[in-house]
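We use all heavy atoms of the structure for the numbers below, so side chains are in, but hydrogens, waters and symmetry mates are not.
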Amino acid sequence: MNILIVEDNKNKLAQVSLFLKEYYPDCIIEYVESFKAGVNKVYENKWDLIILDITLPTYTVTPIEDGGAAKPVGGKEIMKRMLNRHVFIPVIVITLFETFDGGKISLDSLNKEFEKDFSKIWRGTVFYESDDWRIDLKKTLDKMRI
């Protein structure tokens, strides 16, 4: 199984990768750390699953690049672009936040939007700050049966 993780938080990336390796020992995991890199990678269309953060820097942070302006709902924008290009790869959203864009958007409202507008690809959202994020991720993966 080929899994793409689009995530800029290194600790969260490490923990989610470790969990996926335990759950799918033979999986191949690649990751990118920004909106632009995520958009480019999803179009490779070789993925069985995409794990997607919501808030992302525009560009990958490097010693000489600060990441550009933050994309408060960059993960949503990636899913929108996927559907526009007919890229129908299952997506699980994993986020640290309950609100986005300075509190203007709630996770609950995003989930309702995902359910309505992205049902062809969105398989669920896991709130990473919860003590039960591993249980929630496992339940979501079990429902998918991939």
Task: salt bridge (charged side-chain N to carboxylate O under 4.0 Å, His left out) assessment of Asp117 paired with Lys76 - done: CA-CA 10 Å; Asp117 297 338; Lys76 177 180 125 176; over 6 Å; no
Task: Check: Thr55 and Lys71 side chains under 4.5 Å, non-hydrogen atoms - done: no
- [ ] Test Tyr24 against Ile29 for side chain to side chain contact (heavy atoms under 4.5 Å, CB included), laying out the working first.
- [x] CA-CA 10 Å; Tyr24 298 114; Ile29 298 173; over 6 Å; no
- [ ] Can you see which heavy atom on Ala37 is nearest to which on Val32, and at what distance?
- [x] CB-CB, 3.7 Å
Task: Rounded distance (nearest 0.5 Å) linking atom CH2 of Trp122 with atom CD of Glu113 - done: 11.0 Å
Open item on the list: Please say yes or no: joined through hydrophobic side-chain contacts below 4.5 Å, possibly via intermediate residues, are Tyr31 and Leu18 part of one cluster?
Closed with: no
Open item on the list: Determine whether a donor-acceptor pair (N or O, by modelled atom type, separation under 3.5 Å) exists between the side chain of Ser17 and the backbone of Leu13.
Closed with: yes
Task: Minimal non-hydrogen separation, Trp133 against Gln15, with atom names - done: CH2-O, 3.7 Å
Open item on the list: Is there a side-chain contact between Ile78 and Phe35 in this structure, where contact means two heavy atoms from C-beta onward sitting under 4.5 Å apart?
Closed with: yes
Task: Contact check, side chains of Phe100 and Leu110, non-hydrogen atoms, under 4.5 Å - done: yes
Task: Main-chain N/O of Asn2 paired to Asp48 side chain as donor or acceptor, under 3.5 Å - done: yes
Task: Residues, nucleotides or ligands: over 12 heavy atoms within 6.0 Å of Phe114 CZ - done: yes
Open item on the list: Is there a continuous path of hydrophobic side-chain contacts, each under 4.5 Å between heavy atoms, that joins Tyr43 to Ile89?
Closed with: yes
Task: Trp47 side-chain N/O to Leu49 backbone N/O, donor-acceptor pair under 3.5 Å - done: no
Task: Residue pair Leu52 / Val42, side-chain heavy-atom distance below 4.5 Å - done: no
Open item on the list: Thr140 vs Thr125, test: side chain to side chain contact (heavy atoms under 4.5 Å, CB included). Steps then yes/no.
Closed with: CA-CA 8 Å; Thr140 304; Thr125 298; over 6 Å; no
- [ ] Calculate, to the nearest 0.5 Å, the distance between atoms CG and CD1 belonging to Leu137 and Ile92 respectively.
- [x] 5.5 Å
Task: CG on Asn84 to CE on Met79, rounded to 0.5 Å - done: 12.5 Å
Task: Nearest atoms (heavy-atom pairs only) where Glu115 meets Ser119 - done: O-CB, 3.4 Å
Task: Glu44 and Lys41: CA distance, side-chain angles, deciding distance, salt bridge (charged side-chain N to carboxylate O under 4.0 Å, His left out) verdict - done: CA-CA 5 Å; Glu44 290 178 6; Lys41 272 291 189 188; 3.3 Å; yes
Open item on the list: Are more than 12 heavy atoms, taken from residues, nucleotides or ligands other than Lys21, located less than 6.0 Å from that residue's NZ atom?
Closed with: yes
- [ ] Can you see which heavy atom on Phe97 is nearest to which on Leu107, and at what distance?
- [x] O-CD2, 3.8 Å
Open item on the list: I'd like to check Val73 versus Ile105 (side-chain heavy atoms, cut-off strictly below 4.5 Å). Are they in contact?
Closed with: yes
Open item on the list: With a 4.0 Å cut-off on N to O distance, would you call Glu22 and Arg134 a salt bridge?
Closed with: no
Open item on the list: As a quick check of understanding, evaluate side chain to side chain contact (heavy atoms under 4.5 Å, CB included) for Phe88 and Met82, giving each step before the final call.
Closed with: CA-CA 7 Å; Phe88 300 113; Met82 288 172 64; over 6 Å; no
Task: Any side-chain heavy-atom pair of Ile28 and Ile3 under 4.5 Å - done: no
Open item on the list: One pair to check against side chain to side chain contact (heavy atoms under 4.5 Å, CB included): Lys12 and Ile94. What are the steps and the verdict?
Closed with: CA-CA 9 Å; Lys12 187 169 125 189; Ile94 299 184; 3.8 Å; yes
Open item on the list: With heavy-atom distances below 4.5 Å as the criterion, would you say the side chains of Tyr128 and Asp53 are in contact?
Closed with: no
Open item on the list: Rounded at 0.5 Å granularity, tell me how far CD in Glu33 sits from CD1 in Ile5.
Closed with: 11.0 Å
Task: Closest approach of Asp136 to Ser130 (non-hydrogen atoms, all atoms of both residues) - done: OD2-OG, 4.3 Å
Task: Heavy-atom donor-acceptor pair, Lys120 side chain to Leu83 backbone, under 3.5 Å - done: no
Open item on the list: Do Val126 and Val93 have side chains that approach each other closer than 4.5 Å (heavy atoms only, starting at C-beta)?
Closed with: no
Task: Main-chain N/O of Ile135 paired to Asp132 side chain as donor or acceptor, under 3.5 Å - done: no
TODO: Provide the closest heavy-atom pair for Pro72 versus Ala70 in the form atom of the first, atom of the second, distance.
DONE: CD-O, 3.2 Å
